[in-house]
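Quick notes on the structure that follows.
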Amino acid sequence: MTSYIKSTRVLLAAALLLGAGTAPAALSSAASASAVSASASASASAKTAAPIRIALNGTTLTQTAIAKNNTVLIPLAVLRDALGLKVSYDAKTKAYEITRGKVTVTLKPTEYGTMQVTVDGSTQFSDYEWVNQQGRSYVSVHLLSDVLGYRTAWNNSAKIINLIPLQLNDLKVTAKVLNESAAATDFRIEYPVISGLSDASVQQKINQIFKEHAEAYLQDAKERSKELGLGPQGTKNEFDSYYSLTYNRNGYISFRLLSYEYTGGAHGMSALEGITIRLSDGSQAGLSELLKANPDYLKIIDAKVAANLEKTPGYFGGFTTAGDNPGFYLKDEGIVVFFQLYEYLPYAAGFPEYAIPFSALLPDGSSPFEQQ
């Protein structure tokens, strides 16, 4: 396992015995200004040993959560018994499966106390942990908010985490893989395929967007790999692409697309892209459309990004504006604006990603989805 992606499968997956996980702070709830701060408070409070109660839509459950590594972990049994999700274990593959509606998450434990995660066939790289304590296994609450369509609200004074189920779009997203191999290079491109939309022409249009995107990347990768030879000890080059569905509500879907290339050296390079699509007509939606109720939205984004970068160790300096068309994707009730590796921070810092709630970007009472 010489490449970043291969090692990430081992180190950033998380095992689960009716068990647990975490998610990067930059990608946690962006529901509202209070929800973002609530998520941060929950992480901070997780350092304490105080019992954490669990509520579903405001009704307190008998089960309690635990704190581990700055996150809140809830019993997997809660997902099955209180939330009504389907939870099963396959002894042959040693994997757990959690299903809510048309979303199925597969969790496979590893020897590193992590778990390999797939969502409807797509490979995920969130660092969800797992823990088994006194015969009971726990899962990070972020697994619910990231992929299973729940919002979390943290009450710090009462030490209660409230789980709120959200209405998802009535569609299915599954992964298709372009998997090819040459003498010195392997190619693996995952891309989403949509099914279940009532308008077949819109569904075809959306699927064509992702198909062409994947095929274009594969063709470009093949061209750039023609002159590449094997690395030390016969190491092959890699071109990989993966996606995560970050938003699936209110007539919109949004994706975080990660590409990775290893062509020798100490490490590979990754690039990040966001694609947001309006389900009414299958067109891509930009920030200028979503935030049109506030012509000055870019000033808010720039101020928040600048403030965060200034506080980040290793910041290169030089940020002035995210530009008219910044990279972004939707997350819960807000956007996540991102930048590329080395753009403003060292490689080790990863992608700078900043969650900003719609409540901070739009006038009171307005919605980015009013055109639906």
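These figures come from a predicted structure and were not determined experimentally.
- In this structure, I335 and V337 have side chains that are in contact, with non-hydrogen atoms separated by less than 4.5 Å.
- Classification of R249 and D332 as a salt-bridged pair holds, one side-chain N sitting under 4.0 Å from a carboxylate O.
- For F210 and Y191, the ring centers are positioned 6.0 Å apart or more.
- Counted by atom type alone, S259 and S241 present zero donor-acceptor pairs between their side chains at under 3.5 Å.
- Of the possible polar contacts, none joining the K94 side chain to the A91 backbone as a donor-acceptor pair under 3.5 Å is found.
- A distance of 6.5 Å separates CZ in F187 from CG in L218, rounded to the nearest 0.5 Å.
- For F338 and Y354, the distance between ring centers is not under 6.0 angstrom.
- Ion pairing of D146 with K331 is present here, as a side-chain N (NZ or NE/NH1/NH2) and a carboxylate O approach within less than 4.0 Å.
- M269 is listed as a side-chain neighbour of L341, based on a closest heavy-atom distance under 4.5 Å.
- Remark: R256 does not engage E273 in a salt bridge, criterion side-chain N to carboxylate O under 4.0 Å.
- Side-chain atoms of E215 and Q219 include no donor-acceptor pair closer than 3.5 Å.
- In the model, S244 has a side-chain atom that pairs as donor or acceptor with a side-chain atom of Q124 under 3.5 Å.
- Residues Y242 and L257 have side chains not in contact (no heavy-atom distance under 4.5 Å, counting atoms from C-beta outward).
- Looking at heavy atoms from C-beta onward, K236 lies out of side-chain contact with L228 at the 4.5 angstrom threshold.
- Distance alone, capped at 3.5 Å, is enough to place a donor-acceptor pair between the N162 side chain and the N57 backbone.
- Rounded to the nearest 0.5 angstrom, L143 CG and L79 CG are separated by 7.5 Å.
- The structure places CD1 of I300 at 5.0 Å from CG of N294, a figure rounded to the nearest 0.5 Å.
- Counted by atom type alone, T99 and T104 present one or more donor-acceptor pairs between their side chains at under 3.5 Å.
- Contact between P192 and V173 at its shortest, heavy atoms only, is CB-CG1, 3.7 Å.
- When all heavy atoms of A183 and L230 are compared, the pair lying nearest together is O-CD2, 3.8 Å.
- Using the six-membered ring where Trp is involved, Y96 and Y89 have ring planes that are tilted, between 30° and 60° apart.
- The closest donor-acceptor contact from the side chain of N169 to the backbone of G251 lies under 3.5 Å.
- Between the side chains of T123 and E190, at least one donor-acceptor pair of N or O atoms lies under 3.5 Å.
- Identified under the side chain to side chain donor-acceptor pair (under 3.5 Å) test for residues 296-313, with sequence neighbours left out: D302-T321.
- Between the side chain of K108 and the backbone N or O of V117, no donor-acceptor pair lies under 3.5 Å.
- Within the 4.5 Å cutoff, the side chain of I164 has no heavy atoms near those of the Y150 side chain.
- Side chain of S225 to backbone of A221: a donor-acceptor contact under 3.5 angstrom is found.
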>> Please evaluate residues T246 and I253 with respect to the criterion side chain to side chain contact (heavy atoms under 4.5 Å, CB included), reporting the C-alpha separation (whole Å), side-chain torsions for both, the decisive distance (0.1 Å), and the verdict.
In response: CA-CA 8 Å; T246 62; I253 50 175; over 6 Å; no
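- Counting heavy atoms from C-beta outward, V202 and L279 have side chains that stay 4.5 Å or more apart.
- To the nearest 0.5 angstrom, L330 atom CG is 10.5 Å from L245 atom CG.
- Here NZ of K211 is found 8.5 Å from CG of L178. Values are rounded to the nearest 0.5 Å.
- Two residues are said to be in side-chain contact when any heavy atoms from C-beta on lie closer than 4.5 Å; P368 and L362 meet this criterion.
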> Do K172 and D120 pass the side chain to side chain contact (heavy atoms under 4.5 Å, CB included) test, and can you show the C-alpha distance, the side-chain angles, and the key distance before you say yes or no?
Replying inline: CA-CA 9 Å; K172 178 77 172 177; D120 291 313; 2.7 Å; yes
>> Between V87 and E97, is the side chain to side chain contact (heavy atoms under 4.5 Å, CB included) condition met? List the steps.
In response: CA-CA 6 Å; V87 179; E97 194 172 85; over 6 Å; no
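- Not one N or O on the side chain of Y262 forms a donor-acceptor pair closer than 3.5 Å with the backbone of A266.
- Between S201 and Q203, the side chains place no donor N or O within less than 3.5 Å of an acceptor N or O (distance only, hydrogens not considered).
- Annotation for N179: atom CG counts as buried by contact number, over 12 foreign heavy atoms lying within 6.0 Å.
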> Could you go step by step and tell me if Y247 and Y252 meet the ring pair (Phe, Tyr, Trp, His ring centres under 6.0 Å) rule?
Replying inline: CA-CA 7 Å; Y247 193 88; Y252 282 77; 7.6 Å; no
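- N237 and T263 share no side-chain donor-acceptor pair at under 3.5 Å.
- Between R188 and E180 there is no salt bridge, since none of the side-chain N atoms of the basic residue sits less than 4.0 Å from a carboxylate O of the acidic one.
- In this structure, T71 contributes its side chain and K68 its backbone to no donor-acceptor pair below 3.5 Å.
- One finds the OG1 atom of T276 at 8.0 Å from the CG atom of L287 (value rounded to the nearest 0.5 Å).
- Pairs engaging residues 334-344 under the side chain to side chain donor-acceptor pair (under 3.5 Å) rule: none recorded [sequence neighbours left out].
- Within 6.0 Å of CG in D170 there are 12 or fewer heavy atoms belonging to other residues, nucleotides or ligands.
- The pair D220-R224 counts as a salt bridge, with a side-chain nitrogen and a carboxylate oxygen less than 4.0 angstrom apart.
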>> Set out, in order, the CA-CA distance, both residues' side-chain angles and the distance that settles side chain to side chain contact (heavy atoms under 4.5 Å, CB included) for V78 and V139, then state yes or no.
In response: CA-CA 10 Å; V78 168; V139 61; over 6 Å; no
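- Each side chain to side chain donor-acceptor pair (under 3.5 Å) pair with one or both residues in residues 58-67, not counting sequence neighbours, would appear here, but there are none.
- No donor-acceptor pair under 3.5 Å is formed between the side chain of D90 and the backbone N or O of A95.
- Taking the side chain as every heavy atom from C-beta outward, I52 and I66 never approach each other to under 4.5 Å.
- S367 contributes a side-chain N or O that, together with a main-chain N or O of F369, makes up a donor-acceptor pair within less than 3.5 Å.
- Remark: side-chain polar atoms of S122 are paired, donor with acceptor, to backbone N or O of V119 under 3.5 angstrom.
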